[in-house]
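Scroll down for the structure; my scribbles are underneath it.
Counting from 1, the numbers follow the sequence of the chain as shown.
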Amino acid sequence: MEFHEFQLKPITKETRDAPCTDPSPAAGPVPGRCSHFVQRKGRYCKMIVSEGKKFCGEHAWNVQVFYVQNINSGAVDTDTCKEQVSLSSLSREELQKLTDTLVQATSGLEPPLPDKHLLHPALQEALNDPANGGTASKHLKQQGSILGHLERLGLLGGSQCYVEFGAGRGKLSHWVNIATEDADRVHFLLVERATTRFKVDGKQRKSNFERLHIDIQHLCLDRVPSLGQKQLPVIGIGKHLCGAGTDLALRCLVQNEFNPPVEPQSKRFRREPASGKETEPAKRFPVEGIVIALCCHHRCDWHHYVGRDFFQMLGLGQKEFGLFQRMSSWATCGTRRPSQEDISTEKIEPEDAEEHDIDQKSMDCNLEAAQGLLLTVEERENLGRLCKLLIDHGRVDYLRKMGYKTTLEHYTDPKVSLENVLLTAVPQ
């Protein structure tokens with residue numbers, strides 16, 4: 001087994017406030033301090049580095065070959081409204097007009113396909129383990145269905161690289177590894193910006209697991225050395241990829257630094273500025289499929305959102321997006337966060353709790369605005385689901401324009417997870 005990990009040292013108050021003489025560029029960095037030269041300050045970074053390291057945790061990203069700053073961010077649109085309007089600031093009439101706009105905008109959209117609850121046999125034994133608590137069973141059912149959809153789409157097999165975005169402990173890749181244990185040349189890239197405890201990467205015995213500590217926003221897959229060396233097609237996966245993380249991951253997968261997303265991937269060309277001649281785009285890995293369980297639409301961001309063209313086609317913009325984004329939390333207002341007693345009883349780690357269960361922003365649900373409309377719980381949750389549907393169809397529109405056949409499906413029962421919509425895409 002081959003295992004790589006790019007470990008970044010976290011920044012602490014002690015390292016930030018540690019005294020240091022500002023060296024000149026000619027003198028070089030102070031021993032034991034970061035070697036990154038901060039241009040705007042005219043000096044080297046003052047952060048203390050780990051033994052044997054040249055850069056601190058913050059600037060280590062900048063020297064990774066696959067780090068390209070903001071490569072997966074959306075273009076800055078200076079013409080759009082930048083001021084956020086809160087739901088609570090709207091009058092009852094304005095709220096009613098907003099909900100009417102939402103209902104009209106979603107009236108022709110296909111809802112997620114119902115009852116697509118699958119289970120891959122690789123998880124059957126684990127799911128039947130009597131030692132499982134309720135939380136563990138819910139995770140396994142979701143992971144089992146995601147693997148079932150991967151198999152249905154023909155995306156489980158050898159000679160492929162699975163890129164798990166928002167990997168956390170790497171449990172989804174763990175089960176994909178088990179499901180493909182008889183296949184050759186299976187590689188895993190686990191993308192996670194946070195330092196994660198109890199990772200399962202080191203427990204793998206066959207496939208290659210490589211963990212990249214980087215924000216998806218800055219990840220250029222074209223530059224990951226192992227991808228270039230192995231020349232494997234890519235499958236993008238994720239379980240509850242929160243908010244804007246989904247949009248960043250989609251850009252990371254289907255566009256690259258050489259080619260803007262103006263035509264389907266199979267038809268794109270790069271224009272040479274000097275001669276004006278059209279040439280074939282730089283070679284890169286093919287993306288054979290995307291299977292991502294969506295989550296936390298209230299954490300989406302207009303700047304990163306891939307569906308801005310779709311919104312604007314409907315006559316909507318940043319202001320409406322921001323309001324619908326916050327209203328989307330109404331769909332999961334009934335979610336109960338696991339208590340410390342639950343965690344202790346089931347012997348699960350906080351990292352295993354669902355993202356939307358522990359997110360404080362989804363718990364307040366902007367209920368003051370909802371109550372201003374005199375909505376029932378059912379009406380409020382329905383409007384929240386319409387907001388999610390609208391945001392997700394912007395992603396579907398983006399992927400279809402990029403040459404992918406894309407669907408939204410209810411991959412698990414809402415009793416298992418209220419965030420139960422799966423985005424799948426394969427090349428057309």
Side-chain angles (χ1 to χ4, degrees), residues 1-7 66 118-127 136 138-214 216 219 221 224 226-227 230 232-242 245-246 248-249 252-253 285 287-295 349 351-352 354-355 411-412 422-424:
M1 177 190 73
E2 181 182 351
F3 172 71
H4 308 277
E5 180 164 347
F6 299 87
Q7 180 67 49
F66 44 79
L118 307 181
L119 177 62
H120 192 277
L123 288 89
Q124 189 66 65
E125 182 179 352
L127 197 55
K138 289 180 179 181
H139 279 293
L140 289 168
K141 288 177 181 178
Q142 293 172 72
Q143 292 156 348
S145 186
I146 292 173
L147 262 68
H149 282 275
L150 284 167
E151 184 175 55
R152 175 181 62 84
L153 294 168
L155 300 177
L156 278 182
S159 298
Q160 295 182 129
C161 176
Y162 295 90
V163 182
E164 183 180 356
F165 294 94
R169 296 175 61 189
K171 285 288 190 71
L172 183 57
S173 291
H174 163 77
W175 288 113
V176 173
N177 182 37
I178 291 177
T180 58
E181 61 182 356
D182 295 327
D184 296 323
R185 300 187 70 218
V186 180
H187 190 74
F188 293 88
L189 291 179
L190 279 64
V191 182
E192 176 58 63
R193 66 181 179 180
T195 301
T196 308
R197 301 186 304 165
F198 310 115
K199 298 184 289 289
V200 298
D201 317 17
K203 300 177 182 179
Q204 313 307 319
R205 291 293 177 263
K206 181 181 179 183
S207 300
N208 293 332
F209 275 66
E210 183 178 358
R211 183 172 284 264
L212 308 181
H213 285 288
I214 187 171
I216 305 170
L219 172 60
L221 283 178
V224 176
S226 57
L227 273 180
K230 296 177 182 293
L232 296 174
V234 161
I235 312 296
I237 61 176
K239 176 177 175 288
H240 288 173
L241 188 54
C242 190
T246 293
L248 296 172
C252 183
L253 287 165
F285 54 86
V287 177
E288 296 294 343
I290 300 170
V291 178
I292 293 175
L294 305 171
C295 182
E349 294 298 326
E351 288 90 342
D352 283 331
E354 299 286 20
E355 185 75 33
Y411 79 105
T412 194
L422 191 71
L423 173 70
T424 67

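For the residue pair S226 and E210, a side-chain donor N or O sits within less than 3.5 Å of a side-chain acceptor on the partner. Counted by atom type alone, Y162 and Q160 present one or more donor-acceptor pairs between their side chains at under 3.5 Å.
Taking 4.5 Å as the limit, some side-chain heavy atom of Q143 sits within range of a side-chain heavy atom of K171. Using a 4.5 Å heavy-atom threshold, the side chains of L119 and Q124 count as touching. Looking at L422 and T424, their side chains come closer than 4.5 Å, going by heavy atoms from C-beta outward. No side-chain heavy atom of D184 sits less than 4.5 Å from a side-chain heavy atom of S159.
Panel note: side chain E164, backbone S173; a donor-acceptor pair is recorded below 3.5 Å. When atom types are taken as modelled, the side chain of S145 and the backbone of K141 share no donor-acceptor pair closer than 3.5 angstrom. Of the possible polar contacts, one joining the T246 side chain to the L241 backbone as a donor-acceptor pair under 3.5 Å is found. Of the possible donor and acceptor atoms, one in the side chain of R185 sits under 3.5 Å from a partner among the backbone N and O of K230. Formation of a donor-acceptor pair under 3.5 Å by the Q142 side chain with backbone atoms of K138 is found in this model.
The CZ atom of F209 sits 8.5 Å away from atom NE2 of H174, with the distance rounded to the nearest 0.5 Å. One distance of note links CD1 of I146 with CG of L118; it measures 11.0 Å at 0.5 Å rounding. Atoms CG and CD1, on L253 and I290 in that order, are 5.0 Å from each other to the nearest 0.5 Å. Taking CD1 of I235 as the reference point, atom NE2 of H187 lies at 14.0 Å (rounded to 0.5 Å). Considering CG of L221 and CG of L227, their distance stands at 6.0 Å, rounded to 0.5 Å. Considering CD1 of I292 and NE2 of H240, their distance stands at 12.0 Å, rounded to 0.5 Å.
The minimum heavy-atom distance between L190 and A167, with the atom names listed, is CB-CB, 3.7 Å. Across all their heavy atoms, G148 and H120 have their closest contact at N-CB, 4.0 Å. Nearest heavy-atom pair, L147 versus L156, reported as atom, atom and distance to 0.1 Å: O-CD1, 3.6 Å. The two residues L123 and G144 have their closest heavy-atom pair at CD2-N, 3.5 Å. The two residues I216 and G245 make their nearest non-hydrogen contact at CD1-O, 4.0 Å. The nearest pair of heavy atoms linking A122 to I178 is CB-CG2, 4.2 Å.
Listed by chain and residue number, nothing satisfies the ring-ring contact (aromatic ring centres under 6.0 Å, His included) test with F165 (two or more places apart in sequence, or in another chain). For E192, the side-chain hydrogen bond (donor to acceptor under 3.5 Å, both in side chains) criterion is met by no residue, not counting sequence neighbours.
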